[in-house]
Student: 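Below you will find the structure I want to go over with you.
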There are 2 protein chains.
Amino acid sequence: MSLRYGLLGLLAEGPASGYDLARRFEEVLGQIWPAQHPKIYAELRRLADEGLIEVDAEGPRRRRAYRITDAGVAEIRHWLTAGDVDHTIRVQPLLRSLFFWLMQPDDLRRHLDEEARFYAESAARYRAFAAAKDRGDYGDSPQVRSMRVTVEAGIRLYEALADWATWAGTVPPTGAGGPPADADPDPELT
Amino acid sequence: MSLRYGLLGLLAEGPASGYDLARRFEEVLGQIWPAQHPKIYAELRRLADEGLIEVDAEGPRRRRAYRITDAGVAEIRHWLTAGDVDHTIRVQPLLRSLFFWLMQPDDLRRHLDEEARFYAESAARYRAFAAAKDRGDYGDSPQVRSMRVTVEAGIRLYEALADWATWAGTVPPTGAGGPPADADPDPELT
DNA sequence: AAAGGACATGTACTTCGGTACATGTCCTCA
DNA sequence: TGAGGACATGTACCGAAGTACATGTCCTTT
């Protein structure tokens, strides 16, 4: 359901084609809210059927740009204020971390190094984005200010994960490595 | 695919039934890796078919506990070391934040307050969990130490989000509220 | 003895996201 | 002028996740 509102929200900034929207999703939301172009085109058609967006212009290579309608703006505003927030975050690396005790210490060390590097790079990427915005490279519309807030969340999230991976690699003697614990494993569960 | 390894990993700690696993997923992973019981039972059957787990015991009310096999341990170890990490995190609140400029300032303020509270509570819940572990309430097996690492990530993630929501509510005069910008909206995209 | 609640497992259906594959269009550069 | 690449849109299918609904079992309490 969120893709729908993602598209609506981006279109609220101005007309765009499916291709544009796919690019924007990739740019800003690549890691935070991925969307594939087939889904985008399909959803745009559905939104158009419901009158929440309409064709704005047809361009060169079959390009079709859409514009948000008043009904569409009302719809996304309603979602933003009345819709309830989905707080589930699926973070595969955290699921993995539950099972670190199954890894050989040096495999674990390597894994955590890579993770830390990845998150640090992501944070840096968002930080660069934020710096560009703070320099005024994108002007100062309300949209840009909102984007800046989103980017700040990205920075903080990735910094937190980078710090965590670093901490996990150094602080506790986490990994075990040996054979699976077969001596009285968690009797509470049997 | 991750549910599969989640189950395998939990079973590596000791035998458990689908019901136990559903409870553990809910307890520890509730917000970070949700799983519904129908999926769990189905996946357990599939894992048993493939010989990665086997029936350990049948209990009272149709209860069927599974035990991980050597092949299962090998499988999850392989996933942990050789499988590649999925770094996509879907955070709906961040998607929403891109569109804060569409909200009325007081709606936005209310929204951010609620978000901050929610994240702070989540962080506190994980912190309590961590404190119990550090007190030694759960003993000190490798499994418990891994869980502690996972919990630490939860704490840091939720603290980061709580701080972010608070910051977003106070620092910048984010929201706009007025009508959708129809004066030259993002010409780069048309 | 009956009733209610926690324990325990499942089927069926829907929706959503991901991947593979296919196609058409225009511009640029050798 | 022909080839390659970016632009642009789509179909088809699959697998994962979510929701609703259904059922059976055992224990505790009144």
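This one's a predicted model, so the numbers in the text were calculated from it and none came from an experiment.
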Student: What do the steps show when you test A/L21 against A/L11 for side-chain contact (heavy atoms from CB on, under 4.5 Å), and what is the final call?
Tutor: CA-CA 8 Å; A/L21 293 164; A/L11 284 170; 4.2 Å; yes
Student: Where the side chain of B/R90 is concerned, which of C/dA8, D/dA8, C/dG17 is the nearest nucleotide?
Tutor: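 Of C/dA8, D/dA8, C/dG17, C/dG17 is nearest to the side chain of B/R90.
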Student: Among D/dC26, D/dA16, D/dA8, which nucleotide has an atom closest to any side-chain atom of B/R61?
Tutor: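 So the side chain of B/R61 is nearest to D/dC26.
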Student: Counting only side-chain heavy atoms from C-beta out, which of D/dA16, C/dA8, C/dG10 sits nearest to B/M1?
Tutor: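 Output: D/dA16.
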Student: B/R64 has an atom CZ; how far is it from atom C1' of D/dG24, in whole Å?
Tutor: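 The answer, rounded to whole Å, is 14 Å.
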Student: Please say whether the positively charged group of B/K133, taken as NZ for Lys or CZ for Arg, lies over the ring of B/F129, i.e. under 6.0 angstrom from the six-membered ring centre and within 45 degrees of the axis.
Tutor: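 Yes; both conditions hold, so B/K133 lies above the ring face of B/F129.
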Student: Identify whether NZ of Lys or CZ of Arg in A/R90 sits under 6.0 Å from the centre of the six-membered ring of B/W33 and within 45° of that ring's axis.
Tutor: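 So A/R90 does make the cation-pi contact.
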Student: What nucleotide, of C/dT23, C/dA8, C/dG18, holds the atom closest to the side chain of B/R63?
Tutor: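 The closest nucleotide is C/dA8.
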Student: Phosphate oxygens OP1/OP2 of C/dG10: is one of them under 4.0 Å from a side-chain N or O of B/Y41?
Tutor: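 No, B/Y41 has no side-chain N/O under 4.0 Å of OP1/OP2 on C/dG10.
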Student: Starting the side chain at C-beta, find the nucleotide from C/dT9, C/dT19, D/dT9 nearest to B/S17.
Tutor: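 Closest nucleotide to the B/S17 side chain: C/dT9.
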Student: Once you round it to whole Å, what is the distance between P of D/dA16 and CG of B/L47?
Tutor: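 Atom CG in B/L47 sits about 12 Å away from atom P in D/dA16.
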Student: Which of these nucleotides, C/dA20, D/dT23, D/dA17, is closest to any side-chain atom of B/R62?
Tutor: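 In terms of side-chain proximity for B/R62, the closest of C/dA20, D/dT23, D/dA17 is D/dT23.
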Student: Which is more 5' along DNA chain C, the nucleotide nearest B/T88 or the one nearest B/P38? Just name the residue.
Tutor: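 It is B/P38, whose closest nucleotide lies nearer the 5' terminus.
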Student: Specify the separation, in whole Å, of atom CG of B/D86 and atom P of C/dG17.
Tutor: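 Answer to the nearest Å: 14 Å.
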Student: Quick one: label B/P60 by what it contacts on the DNA or RNA (base, sugar-phosphate, nothing), any heavy atom closer than 4.0 Å.
Tutor: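 B/P60: backbone/sugar contact only, no base atoms under 4.0 Å.
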Student: Between D/dT9, D/dT11, D/dT19, which one does the side chain of A/R45 approach most closely?
Tutor: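 So the side chain of A/R45 is nearest to D/dT11.
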Student: Expressed in angstrom and rounded to an integer, what is the separation of B/H37 atom NE2 from C/dC7 atom C1'?
Tutor: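 In whole Å, C/dC7 C1' and B/H37 NE2 are 12 Å from each other.
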Student: In whole angstroms, how far is the C1' atom of C/dC16 from the OH atom of A/Y5?
Tutor: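 Computing the A/Y5:OH to C/dC16:C1' distance gives 15 Å.
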Student: Check this for me: A/D84, atom CG, are more than 12 non-hydrogen atoms of other residues, nucleotides or ligands nearer than 6.0 Å?
Tutor: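 No - once you tally the heavy atoms of other residues, nucleotides and ligands closer than 6.0 Å, there are 12 at most.
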Student: Want to settle it: does A/Y66 or A/K39 sit nearer the 5' end of DNA chain D, counting the closest nucleotide to each?
Tutor: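 By nearest-heavy-atom nucleotide position, the 5'-most residue is A/Y66.
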Student: Within this structure, what is the CD-to-P distance between B/E26 and C/dC7, rounded to whole angstrom?
Tutor: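 B/E26 atom CD is separated from C/dC7 atom P by 12 Å.
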Student: Tell me which nucleotide among D/dT9, C/dT19, D/dA17 gets nearest to the side chain of A/Q36.
Tutor: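 Nearest to the side-chain atoms of A/Q36, counting from C-beta on, is C/dT19.
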Student: Does NZ or CZ of A/R4 fall inside the cone over A/W79's six-membered ring, less than 6.0 Å from its centre and within 45° of the axis?
Tutor: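 Here A/R4 fails the 6.0 Å and 45° test against A/W79.
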Student: Can you tell me the distance, in whole Å, between the CG atom of B/D20 and the P atom of C/dA6?
Tutor: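 To the nearest whole Å, that distance equals 17 Å.
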Student: In this structure, how many angstroms lie between the C1' atom of D/dT9 and the CD atom of A/E58, rounded?
Tutor: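 Rounding to the nearest Å, CD of A/E58 and C1' of D/dT9 are 12 Å apart.
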